[in-house]
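First listed ligand is number 1; within each ligand, the first listed atom is number 1. Note that the numbering runs from 1 along the sequence shown for the chain.
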Amino acid sequence: MTKNASETEPADPFKPYKGRFTSHDVIPAKGRHKDELLEELVAMAQEENAKWQTGQVSGTFYHAGDEHRAFLNKVFALFSHENTIQFDLCPSMFKMESEIIAMTASMLNADAVKTHNPQDQVCGTVTSGGTESILMAMKAYRDWSREQKGIAAPEIIMPHTAHPAFDKSGEYFGIKIVHIPVSEPDFRVDPGAVEARINANTVAIVGSAGNYPYGLIDPLEKLSAIALKHNVGMHVDGCLGGFIFPWLEKLGYDIPLFDFRLPGVTSMSADTHKYGFALKGTSVVLYRSNRLRRHQYFSVPDWPGGLYASPTAAWSRSGGLTAATWAALVYLGEEGYLNAARSIMAVADRIKAGIEKIPALTLIGDPTFVISFRSEELDVFHINDFMKTRGWRFNVLQLPPALHFCVTMPQALAENVAERFLDDLNAGVDYARSKAGTVAETTALYGLAGTLEGNQQVTEMVFGLFDHLYSV
Ligand SMILES: *Cc1c(COP(=O)(O)O)cnc(C)c1O
């Protein structure tokens with residue numbers, strides 16, 4: 001049935017367009033007019049753009065400005081119909097992907113790997129996103145260790161703050177994932193605690209640069225030494241920080257070593273679709289040696305449909321994304337990335353300094369572009385409730401309760417974001433003080449996890465939400 005926009009539907013916060021735009025649950029018998037469709041889609045896009053163009057949304061929207069975005073869309077259009085895997089028909093695709101991989105590797109100091117053996121040089125693939133990059137690396141460790149060490153029940157050790165994509169790889173590929181809690185006050189993993197959990201089944205350890213909750217870099221130098229000592233792999237998740245820490249380092253920020261300069265690092269993920277400022281849908285996974293990358297590849301040589309082989313989890317992927325990613329790197333250049341990093345940090349440093357002046361709030365670790373804070377005396381979830389009413393969108397953290405704001409280009413491009421942020425945050429602190437002893441709205445969503453029963457309740461709730469979102 002095709003529902004008409006004039007029908008009134010009950011208000012549903014997850015379906016704000018219900019009743020306002022035509023919805024379809026069957027393909028319309030006769031196609032609708034282009035102009036009418038574009039009118040609806042433009043209205044939706046404009047409404048959604050208005051939310052982040054103020055600079056009030058944490059992370060999420062990664063691009064280097066309107067002109068940059070328009071340029072990438074133009075490049076996308078040239079190759080949107082091409083398929084990256086068709087190397088014979090579309091040779092531009094492997095040309096561009098090989099260069100994306102090489103440029104990313106060089107940014108992450110692949111040159112530090114000194115070898116004359118072409119099998120032992122940094123190499124990688126382009127994937128559809130950070131999650132796929134991580135999944136592919138974990139699969140490579142599982143299969144490499146089975147072949148080289150006869151490990152049948154593989155285990156991977158990660159800080160609890162590392163991304164859930166690692167847990168996903170555990171569930172998908174039958175790898176046991178061992179979580180190491182991070183310790184206060186610095187909220188980074190204790191290398192000794194990681195080492196204590198290494199056993200004969202350990203195939204790799206994980207560190208983040210930086211982690212999603214706090215943007216912090218784990219003690220990677222120590223983890224690297226531990227990986228070498230025990231002859232296990234080490235993955236550095238640079239999905240978030242891989243395309244910004246290299247520039248922060250060049251700008252003179254005190255950034256510890258996090259890339260292939262650490263001799264124990266055997267793989268890395270870095271998202272072109274975050275601080276690489278490409279369109280959404282690309283990431284790079286890198287390996288210290290082709291011996292590992294080989295275990296990512298997949299083939300079914302005797303398939304009736306032809307000789308099937310695939311380097312990543314996906315087979316077909318849009319050439320538009322590959323071309324736009326390549327264009328983002330080459331168009332911005334080092335100069336463009338340095339300028340972006342400089343203007344992002346100008347906002348982030350002001351926000352950080354402002355939070356330091358609020359006695360009720362405590363910064364988590366020594367933040368750079370992701371600023372996380374918690375409070376000993378107030379419920380930060382009350383602060384989140386208040387900031388929402390002012391149009392701010394934080395990421396809510398738990399265990400312990402905290403909030404983070406990830407600074408991206410929209411903050412650098414909008415006017416006076418740091419000043420507006422701090423004015424509202426100070427008002428939010430007053431609000432939280434006035435609400436002391438009451439339960440914040442945010443708590444209803446985030447106060448449950450942490451116990452087995454709570455975790456089951458939260459899972460049921462979010463799966464139910466997916467079901468609801470997937471209903472027309
Ligand atoms: C975003 C992110 C990922 C996952 O990346 P997707 O591209 O969203 O799949 C992994 N690790 C960290 C630290 C991230 O911030």
Should the pair F405 and F421 be assigned to parallel (<30°), tilted (30 to 60°) or perpendicular (>60°) ring geometry?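 Perpendicular: the ring planes of F405 and F421 meet at over 60°.
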Test: salt bridge (Lys or Arg N to Asp or Glu O under 4.0 Å). Region: residues 120-142. Which pairs qualify, not counting sequence neighbours?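 Listed once each, the pairs are D120-R291, K139-D143.
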Between NE2 on residue H179 and CD1 on residue I157, distance to nearest 0.5 Å: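 Between atom NE2 of H179 and atom CD1 of I157 there are 11.5 Å.
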As a test of reading the model: which residues have a non-hydrogen atom less than 4.0 Å away from ligand 1?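 Around ligand 1, where the cutoff is 4.0 Å for heavy atoms, the contacting residues are G129, G130, T131, I134, H163, G210, Y212, D237, C239, L240, D271, H273, K274.
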Heavy-atom closest pair, residues D218 and S208: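 The pair with the smallest heavy-atom distance is OD2-N, 2.9 Å.
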Mark yes or no for whether S267, through its side chain, and A137, through its backbone, hold a donor-acceptor pair below 3.5 Å.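 Checking the backbone N and O of A137 against the side chain of S267, no donor-acceptor pair under 3.5 Å is found.
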Among L240, T127, I134, exactly one meets side chain to side chain contact (heavy atoms under 4.5 Å, CB included) together with S269. Which residue is that?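 Only one of L240, T127, I134 forms a side chain to side chain contact (heavy atoms under 4.5 Å, CB included) with S269, namely I134.
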